[in-house]
Structure formats: structure tokens, C-alpha cells
> 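The structure is given below, and queries will be raised subsequently.
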There are 2 protein chains.
Amino acid sequence: MRLLVPFDAREPNTRLAPLLSAVERHALAECMLADVVEAARDAGASPTVLSTGSVDCAAPVEVDDRPLTAAVNDVLAGADEPVAVVMADLALATGPVLERLFAATGDVVLAPGRGGGTNALVARDPDFRVDYHGVSFRDHLEAARESGASVRVVDSFRLAVDVDERADLLEVLLHGEGRTAAWLREAGFRVESDGGEPILARTGE
Amino acid sequence: MRLLVPFDAREPNTRLAPLLSAVERHALAECMLADVVEAARDAGASPTVLSTGSVDCAAPVEVDDRPLTAAVNDVLAGADEPVAVVMADLALATGPVLERLFAATGDVVLAPGRGGGTNALVARDPDFRVDYHGVSFRDHLEAARESGASVRVVDSFRLAVDVDERADLLEVLLHGEGRTAAWLREAGFRVESDGGEPILARTGE
């Protein structure tokens with residue numbers, strides 16, 4: 001099985017701009033990528049990072065500056081084996097949860113992200129193509145079913161959390177076990193509960 | 001094993017007030033409760049609804065108008081068997097996912113909710129007590145470990161989504177299989193994607 005980890009090397013985590021500088025957002029993105037690569041290795045996979053630009057990481061990098069959907073579909077079209085795609089910002093991914101993803105049976109295996117996204121998938125059907133635009137989870141489910149492929153959905157909180165906005169950093173601090181959680185703590189972030197709803201706080205803010 | 005489903009019969013889903021009338025919020029809450037009760041039965045359990053007031057549902061109801069933590073701890077203190085607690089607003093819960101929860105080994109089994117909550121748990125340690133205030137997942141984890149109990153965390157997206165705010169309704173429409181999703185569609189809600197981020201829309205809005 002091939003494992004692709006798509007990575008945006010240009011403007012990662014733009015929605016965290018109110019919280020983090022551009023330099024910090026790049027550092028955070030590289031931590032998350034490193035965590036995903038390590039989780040993949042722990043699950044016995046050999047990931048290839050499919051990046052829009054050069055990036056320093058502990059896995060082979062293929063640079064493709066096209067939009068995500070086109071770059072992934074190009075790999076799917078040329079593959080002679082099953083292909084898994086795991087997003088680079090799944091900071092809560094661990095070896096065991098990726099093992100569960102890879103072991104799930106089905107021509108198409110989907111792990112939903114919050115808000116209708118598809119955070120991870122395995123395509124064993126050679127005709128399956130991705131479309132990350134819009135409600136991709138629903139679209140992938142329908143496309144797979146229409147083509148007669150068997151579909152399995154993996155129910156995982158760790159795979160559902162892609163780091164996108166402020167609330168996601170709180171999840172990483174609470175549940176993360178890798179570099180990303182360490183980086184956030186180092187950068188002064190912590191979870192506070194002033195007698196009610198837990199909130200993300202930063203030292204000096 | 002006893003299974004408690006705590007239900008707020010007084011002011012359910014207050015954070016959905018911008019979207020739904022008080023009558024609608026009560027109707028939605030009862031749909032979610034019905035879905036959770038059915039999922040529990042599908043998983044082979046016999047739920048008891050622990051409600052702050054009278055409610056019409058297909059399971060025995062015990063009324064206890066104290067705050068959630070006190071009411072649950074009273075049951076834990078008096079129980080002579082393991083106790084599971086599954087929140088009534090887990091509209092994505094299904095039989096198989098609750099089977100996974102109940103089958104998980106450990107003196108204390110925890111399923112995190114988003115934002116630091118504890119959406120479902122199994123207490124096999126007779127000394128375990130809950131505290132739903134603040135960052136309850138972290139507090140429950142620490143309390144169980146400090147008492148020497150073995151802890152298992154169940155990684156489930158379906159158990160992580162408790163219906164609390166607007167974005168959660170989108171998850172129910174995308175992934176729900178029960179009455180709650182049907183009720184929302186009936187009430188005119190749908191998921192739209194105007195070429196980008198999926199959004200929740202309502203007919204007539």
C-alpha cells in the first residue's frame with residue numbers, strides 16, 4: 001500500500017493567523033507533519049509526503065504545486081496498488097489509530113473530518129478519485145457507492161480532528177502525545193477552566 | 001451493567017436558541033434521547049434515563065433534579081455492578097459504537113467529547129466518581145489513574161459529537177442515521193456547500 005501525506009508548504013494554518021505568526025504557523029505545521037509521519041511508521045507504513053513546496057521531514061517528499069485534489073488524483077490514476085491518503089494536520093493521529101484505518105476492509109475506507117471533510121482514506125478500488133472541495137465526505141461516500149465499491153467508515157475522534165482553528169489547539173493539548181502538543185506547550189498554550197467551559201489560553205496574553 | 005442516560009428536561013440545548021425555538025429545542029432533545037436509547041438497546045443494554053424532570057421516552061425514567069454530577073455520583077455510590085453513563089445528546093451514537101464502548105476493558109473507560117468533556121464512560125471501579133465541571137475528560141483520567149484504576153480511552157468520532165451548537169447539527173445531518181437527523185431535515189435544515197466550506201442552511205432563512 002502507498003501512503004500519501006499531503007502537505008501545504010506555502011500558507012499552512014491560515015485560520016490560526018489571529019493566534020500565531022506566520023513563522024509559528026509553519027513551525028506548527030511541520031510538527032504536525034512529523035507527528036503524522038511518525039504515527040504512520042508506527043503503523044508499519046512508509047509514507048510519502050506530497051507537498052506543494054520543499055519541506056524538511058523524515059520521509060520522502062514529492063513536490064506537486066497543483067491543488068490537493070489534482071495532485072492526489074494523479075497518484076491514484078498511476079497507482080498499481082492500494083493508496084492511503086492521510087492529511088498532514090491530524091495532530092492526534094497515532095500508530096494504533098492508523099493501524100485501524102489501514103486494517104479496515106472495504107474497496108474504499110473513509111475517516112470523516114469535522115465539518116464534512118475527509119481526513120483519511122484508503123482506496124483499494126483503482127477507479128476511485130478524490131474531490132476535496134465542498135462536502136467531501138458525503139461526495140466520496142456517494143461516488144464510491146455509485147461505482148459499486150464497498151465502503152467502510154472508520155469512526156475515530158483522533159482522525160476527525162484536523163487542526164484548523166483555535167478550538168482544535170485545545171484538543172491537541174488535551175489529547176496529543178507528540179511534537180505538536182509539546183510545541184504548543186512550549187509556545188505558552190494551555191487549557192484553562194475558570195469554573196466552566198474549558199478554554200485555550202496563552203502565557204502573556 | 002447499569003446504563004444511565006442523563007437528560008436535561010428543563011432547558012435542553014440552550015446554545016441552539018439562536019436557531020431553534022424553545023419548543024423545537026425540546027423536540028430535538030427528545031429525538032436525541034430516543035436515538036441514544038435505541039442505540040443502547042441495539043448494543044444489548046437496558047438504559048435508565050436519569051432526568052431532571054418528566055420526559056416521554058421508551059425507557060424507565062428516574063427523576064433527580066440535582067445537578068448532573070451529584071445525580072450520577074449518587075447512582076455510582078449505590079451501585080453493586082459496573083455503571084455506564086452515556087449522554088443523551090449523542091445523536092450520532094449507534095449500536096455498534098456503544099458495543100465498542102461497553103466491550104472496552106479497563107476499570108474506567110472514557111470516551112472524550114470535544115472541548116474537554118466526557119461524553120460516555122464505563123465505571124467498573126466502585127470508587128470512581130464523576131465531575132462533569134470544567135475539563136472533565138482530563139479530570140476523570142487523572143482521578144482514575146491516581147486511584148490506581150486501569151483506564152481505557154475509546155477513540156470515537158460518533159461519541160465525541162454531543163449536540164451543543166450550530167456546527168453539531170451539520171454533523172448530525174451528515175452522519176446521523178436516526179430520528180434526530182430526520183427531525184432536522186423535516187425542520188428544513190440541510191447541508192449546503194457553495195463551492196467551499198460546508199454550511200448549515202434552513203429553508204426559509
Side-chain angles (χ1 to χ4, degrees), chain A residues 15 92-94 96-101 110-120 131-142 152-162 164-177 190-201, chain B residues 15 92-94 96-101 110-120 131-142 152-162 164-177 190-201:
Chain A
R15 289 172 65 182
L92 298 184
T94 60
V97 69
L98 290 182
E99 270 176 34
R100 190 151 69 88
L101 173 78
L110 302 172
R114 281 158 333 141
T118 308
N119 282 356
D131 179 357
Y132 285 107
H133 202 71
V135 194
S136 74
F137 179 77
R138 190 168 63 183
D139 296 344
H140 289 149
L141 203 62
E142 280 171 12
R152 177 69 69 94
V153 176
V154 171
D155 175 39
S156 167
F157 172 62
R158 289 188 171 275
L159 296 182
V161 176
D162 50 313
D164 198 29
E165 51 192 46
R166 186 181 186 104
D168 305 324
L169 300 186
L170 188 143
E171 304 299 353
V172 176
L173 284 169
L174 287 174
H175 304 288
E177 299 164 7
R190 64 191 181 281
V191 177
E192 278 190 356
S193 169
D194 202 10
E197 197 88 349
I199 56 160
L200 181 79
Chain B
R15 289 173 65 183
L92 298 184
T94 60
V97 70
L98 290 182
E99 270 176 33
R100 190 150 70 90
L101 173 77
L110 301 172
R114 282 159 331 145
T118 308
N119 282 355
D131 180 356
Y132 285 108
H133 202 71
V135 194
S136 75
F137 179 78
R138 189 167 63 183
D139 296 343
H140 289 148
L141 203 62
E142 280 171 11
R152 176 70 68 94
V153 176
V154 171
D155 175 38
S156 167
F157 173 61
R158 289 188 170 275
L159 297 181
V161 176
D162 50 313
D164 199 29
E165 50 192 47
R166 185 180 187 104
D168 304 324
L169 300 186
L170 189 143
E171 303 298 354
V172 177
L173 284 169
L174 287 174
H175 304 288
E177 298 164 10
R190 62 191 182 283
V191 177
E192 278 190 357
S193 169
D194 202 10
E197 197 88 350
I199 57 160
L200 180 79

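Values reported hereafter were calculated over all heavy atoms of this structure, with side chains retained and with hydrogens, waters and symmetry mates removed. These numbers were taken from a predicted model, which means no experiment stands behind them.
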> Considering all heavy atoms of both residues, which atom of Leu174(A) and which atom of Gly115(B) are nearest to each other, and what is their separation?
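Closest pair (atom of Leu174(A), atom of Gly115(B), distance): CD1-C, 4.3 Å.
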> Under the side chain to side chain contact (heavy atoms under 4.5 Å, CB included) test, which residues partner Asp139(A), sequence neighbours left out?
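Asp139(A) satisfies side chain to side chain contact (heavy atoms under 4.5 Å, CB included) with no residue once adjacent residues are dropped.
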> Please round to the nearest 0.5 Å and tell me the distance separating atom CD of Glu197(A) and atom NE2 of His133(B).
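So the CD of Glu197(A) and the NE2 of His133(B) are separated by 11.0 Å.
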> Asp155(A): which residues meet the side chain to side chain contact (heavy atoms under 4.5 Å, CB included) condition with it, sequence neighbours left out?
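In terms of side chain to side chain contact (heavy atoms under 4.5 Å, CB included), with neighbours along the sequence ignored, Asp155(A) is linked to Val97(B), Arg100(B), Ser156(B), Phe157(B), Arg158(B).
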> List the atom of Gly116(A), the atom of Leu170(B), and the distance in Å for their closest heavy-atom pair.
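Smallest heavy-atom distance, with atoms named: N-CD2, 4.3 Å.
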> Between His175(B) and Pro112(A), which heavy-atom pair has the shortest distance, and what is it?
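In terms of heavy atoms, the two residues are closest at CE1-CB, 3.5 Å.
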> Identify the heavy atoms of Gly134(A) and Pro198(B) that sit nearest to each other, and give their distance.
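Smallest interatomic distance, heavy atoms only, reads O-CG, 3.7 Å.
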